[in-house]
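Each remark here refers to the structure printed beneath this line.
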Amino acid sequence: MEISLTEYKRCDVVTVNGRVDSSTAPKLEEALNSIVEAGRYKIVIDMTNTNFVSSKGWWTLIETQKKCKRYRRGEVVLVNVLPEIRSSLDMVGMGSYFQIYNDLTAAVASF
Amino acid sequence: MEISLTEYKRCDVVTVNGRVDSSTAPKLEEALNSIVEAGRYKIVIDMTNTNFVSSKGWWTLIETQKKCKRYRRGEVVLVNVLPEIRSSLDMVGMGSYFQIYNDLTAAVASF
Amino acid sequence: MKTSSFPGRYDSLAKVSEFVVEAARDAGLSSEEVYAVELAVDEACCNIIDHAYGGEGKGELNCSVIIDDGKLTVILSDHGKSFDPRSIPDPKLKVPIEKLKPRGVGLYLMRKLMDEIKYETIPHRGNVLTMVKRKHEDT
Amino acid sequence: MKTSSFPGRYDSLAKVSEFVVEAARDAGLSSEEVYAVELAVDEACCNIIDHAYGGEGKGELNCSVIIDDGKLTVILSDHGKSFDPRSIPDPKLKVPIEKLKPRGVGLYLMRKLMDEIKYETIPHRGNVLTMVKRKHEDT
Ligand SMILES: Nc1ncnc2c1ncn2[C@@H]1O[C@H](COP(=O)(O)OP(=O)(O)O)[C@@H](O)[C@H]1O
Ligand SMILES: Nc1ncnc2c1ncn2[C@@H]1O[C@H](COP(=O)(O)OP(=O)(O)O)[C@@H](O)[C@H]1O
């Protein structure tokens, strides 16, 4: 898994390439925590090149979502989630915790 | 020339495909006026597929830039301007009137 | 039947995935079905590391794959602690996010993703999890 | 030499462009040079429509192209009003945007974009604008 971060005026974009599993989720968690700890709570996860997310990966995103939505100060939104990944997310009822966009620009523009 | 408009929360994206010359500039002018008249002054012109702009086209963009920058209420920014087009813009000193981005998302995120 | 053993650590997960994804493709499963197998196996391996062994580096993950007409069988075994899957209740879904506890969907996902799933504790072989994914008629 | 005539209207501009761009490519000009020719010719044609004829639909745009070694010559002629290019001052550049008047860069651009430019009024032929673009040594 590779992560890259881009800080924009109103949100941060986290591009996640590859597999998010128990081995790599801690690195994602660290990246997300660094953003939240900087007082930034509007986060776009660009999953265009994410090909696998285990439940450990979803918990990482959900923990960040909780922190971001607290006090209505922000939100984590997802971009371009593979249909297979999305259906596994819906299977455990987690789909409702995230807004999903098909287009990075639209996601960034939502903040 | 084809134009498409996308209204986002904080800005409008105008995608201009093809030639902007004396024949087509009025259509661009009309589109830009419709945005400004709606009280929206933050405009991204996506020129990724614009292959020609005559001085008439630039004047259209400059007139809109003037309206948008008035009272510091907004700005027109450009995305992905072909090198040839850009060098002709610089030739007449108009390059300095526009911020130019290489990436639509970054342009939208600037507002 | 192909068998492979991996160290019981998280950085084995990508390798286990490769191994089962190749078998799932060879079995002619659709890309959705292949992903289902990949995810179920990943969740199962994490459970072995986390719960059967109680952490990384304590034991092996043994994985076998069997392809026969129209289905893939994946067998995972470990020598760690046993448990009774029937004693584990389904997770509560549709909980408001603030109330979510970050655990308890692995087993549920495995059951939903696979067509059959069986857990046995067999003397000398340890805990054996057998999961079957069938190719859908119209693929 | 190839020659083509177009109605003096803005919707001819794309066709004139096609005509000169093809010639510029045949002359072996680089893509930057081709764009320079395309833009200079567009500006020249607009000036003919706007200033020589005083509007659309008043007369023809006659365009000839000549390719010879390493250069392209474009000749545009019209039967409208003549003018003296030397009487037209260069535009003021780097003016603050609020003070810009939307006019007066066409001629300047043509001069900057082309290597040679000549304007003549010839009895029976009308106003003849001859512009030359040379291929750069290292292309
Ligand atoms: N392979 C295993 N060995 C021992 N216990 C297990 C195993 N798999 C699951 N369990 C038990 O079942 C519970 C539920 O598992 P699961 O649904 O995967 O969620 P989680 O692993 O997040 O707790 C675990 O907390 C554990 O107590
Ligand atoms: N072909 C032409 N015929 C007659 N007058 C011309 C012609 N081209 C240019 N001019 C004159 O020169 C001036 C400057 O032309 P130009 O730099 O192209 O700017 P613009 O056309 O925007 O005024 C014009 O306003 C016009 O008075």
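Predicted model, so just to flag it, every value in this text is computed and none were measured. Values reported hereafter were calculated over all heavy atoms of this structure, with side chains retained and with hydrogens, waters and symmetry mates removed. Each chain gets a letter, A, B and so on, in the order its sequence line appears, and its residues count up from 1.
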Side-chain H-bond candidate by donor/acceptor type, Glu32(D) with Ser87(B), under 3.5 Å: no
Largest heavy-atom contact set with chain D, pairs under 4.5 Å, which of Gly93(B), Ser55(B), Gly18(B): Ser55(B)
Lys/Arg N to Asp/Glu carboxylate O, Arg19(B) vs Glu38(D), below 4.0 Å: yes
Shortest non-hydrogen contact from Ser88(B) toward Tyr35(D): OG-CE2, 4.1 Å
salt_bridge(Lys56(B), Asp42(D)) N-O dist < 4.0 Å: no
Distance in Å, Glu43(D) CD paired with Ser54(B) OG, rounded so as to fall on 0.5 Å steps: 5.5 Å
Leu100(D) backbone acceptor or donor facing Lys66(B) side chain under 3.5 Å: yes
Residue pair Ser22(B) / Tyr10(D): nearest heavy atoms and the distance that separates them: CB-CD2, 3.4 Å
Contact leader toward chain B among Ala14(D), Gly106(D), Cys46(D), where contacts are heavy-atom pairs under 4.5 Å: Ala14(D)
Heavy-atom pair of closest approach, residues Ser31(D) and Glu84(B): OG-OE2, 3.5 Å
Options Thr24(B), Ile62(B), Ile85(B), ranked by heavy-atom pairs under 4.5 Å with chain D, top entry: Ile85(B)
From CA spacing to verdict: side chain to side chain contact (heavy atoms under 4.5 Å, CB included), Val95(D), Tyr97(B): CA-CA 10 Å; Val95(D) 176; Tyr97(B) 303 135; 4.2 Å; yes
Proximity breakdown for Lys101(D) and chain B, heavy-atom pairs closer than 4.5 Å: backbone
Spacing of CD belonging to Gln65(B) relative to CD1 belonging to Ile97(D), to within rounding of 0.5 Å: 5.0 Å
Where Val53(B) and Leu39(D) come nearest, the two heavy atoms and their spacing: O-CD1, 3.8 Å
Chain D contact via Ser96(B) - which portion, at a heavy-atom distance below 4.5 Å: neither
